[in-house]
Amino acid sequence: MSMSLRDQLLKAGLANEKQSKEAERQLRQQQREQQRLPKDKRATASRGQLDAHQAQLAKTARDQELSRQRTQQADQKARRAQTAQLIEQNRLPRVQTDERYNFVDGTKVRAIAADRSVREGLRRGDIAIVRHNDGYELVPAHIAARIRERNEDAVIKSAAADEAAIHDGVPDDLIW
């Protein structure tokens with residue numbers, strides 16, 4: 001059994017009950033007006049009005065979906081801007097050294113300039129590495145947590161985070 005356009009729009013979430021009831025009210029009103037017309041004009045007018053009404057419902061549903069997508073894109077853009085601003089304002093100054101700290105980003109091993117104090121901060125979890133403008137920056141761990149709230153992919157998973165996941169030498173997935 002096929003569903004009516006109204007039921008399909010409701011099920012898809014593109015229209016709500018209020019819109020549906022308003023459309024039905026308008027349809028009843030149009031039918032009353034149709035009954036006042038002569039018989040030969042009634043059939044053609046009601047079919048055209050019904051088609052126009054269904055087209056209007058479909059257009060409203062499309063407009064709502066486009067609006068939802070635009071809102072979602074604007075939210076993503078705002079989160080990216082907030083992430084970039086947090087990194088710019090809180091990044092640690094780059095150290096001038098030949099020493100490197102190697103870390104894994106996805107499946108690749110990357111390196112960043114780091115002296116002994118920076119490496120120690122990374123090991124303890126006081127400093128985190130974040131992606132920024134096709135590169136990497138060092139930020140304090142509490143800032144990395146705020147960045148992670150806005151964009152989880154921007155923060156590189158560190159060895160300190162892996163160690164924090166292990167309690168008493170037992171990984172989290174083995175604790176009952």
Side-chain angles (χ1 to χ4, degrees), residues 1-91 104-108 125 128-137 139-158 160-162 164-167 171-176:
M1 180 181 271
S2 65
M3 294 173 42
S4 69
L5 177 61
R6 174 187 166 268
D7 294 337
Q8 290 174 11
L9 292 173
L10 286 172
K11 186 174 183 181
L14 299 175
N16 59 31
E17 274 300 318
K18 183 178 179 184
Q19 291 171 326
S20 174
K21 288 180 182 179
E22 176 64 21
E24 287 177 9
R25 186 189 66 74
Q26 289 177 356
L27 185 59
R28 281 192 307 272
Q29 182 180 9
Q30 289 172 358
Q31 287 172 349
R32 280 189 300 241
E33 291 172 3
Q34 287 297 317
Q35 289 177 357
R36 294 182 191 143
L37 292 175
K39 218 175 206 183
D40 58 338
K41 292 185 179 179
R42 258 188 238 164
T44 57
S46 66
R47 184 43 133 171
Q49 288 177 344
L50 182 61
D51 290 343
H53 179 61
Q54 287 180 344
Q56 180 65 29
L57 278 176
K59 181 184 181 306
T60 302
R62 282 192 309 271
D63 290 347
Q64 286 177 344
E65 180 64 20
L66 286 173
S67 175
R68 186 191 60 77
Q69 288 175 355
R70 283 188 200 113
T71 302
Q72 187 178 19
Q73 289 172 349
D75 290 345
Q76 288 174 347
K77 185 176 180 180
R79 282 194 304 272
R80 282 193 303 268
Q82 290 171 356
T83 300
Q85 183 179 17
L86 279 170
I87 293 170
E88 289 290 329
Q89 291 177 349
N90 296 290
R91 66 180 168 195
V104 177
D105 182 12
T107 58
K108 301 193 185 231
I129 301 171
V130 294
R131 288 183 192 89
H132 182 61
N133 294 341
D134 298 327
Y136 301 95
E137 296 290 340
V139 296
H142 68 278
I143 299 299
R146 290 176 54 194
I147 292 170
R148 186 177 285 118
E149 291 172 1
R150 290 161 178 80
N151 182 359
E152 192 162 325
D153 294 334
V155 180
I156 306 295
K157 189 174 181 182
S158 66
D162 292 341
I166 298 177
H167 302 285
D172 279 340
D173 59 349
L174 294 178
I175 296 175
W176 282 268

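Keep in mind that what you see is a predicted model, and the values were worked out from it rather than measured. All residue numbers in this chain count up from 1 along the given sequence.
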Subject >> Straight-line distance of L57 CG to L27 CG, nearest 0.5 Å >> reply: 10.0 Å
**OP:** Taking side chain to side chain contact (heavy atoms under 4.5 Å, CB included) as the test, write out the residues that go with E152, two or more places apart.
**Re:** R148
Original post:
For A144 and A128, which heavy atoms make the closest approach, and how far apart are they?
Top reply: CB-CB, 3.5 Å
Subject >> Least distance between heavy atoms, L86 atom then N90 atom >> reply: O-ND2, 2.9 Å
Subject >> Residue pairs passing the salt bridge (charged side-chain N to carboxylate O under 4.0 Å, His left out) test where at least one lies in residues 54-67, sequence neighbours excluded >> reply: K59-D63, E65-R68
Subject >> N/O donor-acceptor pair under 3.5 Å between Q19 side chain and N16 backbone >> reply: yes
Original post:
Residues two or more places apart in sequence or in another chain: which of them pass salt bridge (charged side-chain N to carboxylate O under 4.0 Å, His left out) with R25?
Top reply: E22
Original post:
How long is the gap from CD1 on I87 to CZ on R146, to the nearest 0.5 Å?
Top reply: 12.0 Å
Subject >> Euclidean distance, H53 NE2 relative to Q56 CD, rounded to 0.5 Å >> reply: 8.5 Å
Original post:
Is a side-chain donor or acceptor of N151 paired with a backbone partner of D153 at a separation under 3.5 angstrom?
Top reply: yes
Subject >> Partners meeting side-chain hydrogen bond (donor to acceptor under 3.5 Å, both in side chains) with Q85 (sequence neighbours left out) >> reply: none
Subject >> For R131, all residues meeting salt bridge (charged side-chain N to carboxylate O under 4.0 Å, His left out), sequence neighbours excluded >> reply: D105
Subject >> Qualifying residues under salt bridge (charged side-chain N to carboxylate O under 4.0 Å, His left out), relative to E149, sequence neighbours excluded >> reply: none
**OP:** Check side chain to side chain contact (heavy atoms under 4.5 Å, CB included) between D134 and all other residues, then give those that pass, not counting sequence neighbours.
**Re:** none
Original post:
What residues form a side chain to side chain contact (heavy atoms under 4.5 Å, CB included) with R91, not counting sequence neighbours?
Top reply: E88, H132, E137, V139
Original post:
Which distance, rounded to the nearest 0.5 Å, do you find between the CG of L66 and the OG1 of T71?
Top reply: 10.5 Å
Original post:
Excluding sequence neighbours, so at least two apart, what forms side chain to side chain contact (heavy atoms under 4.5 Å, CB included) with T107?
Top reply: none
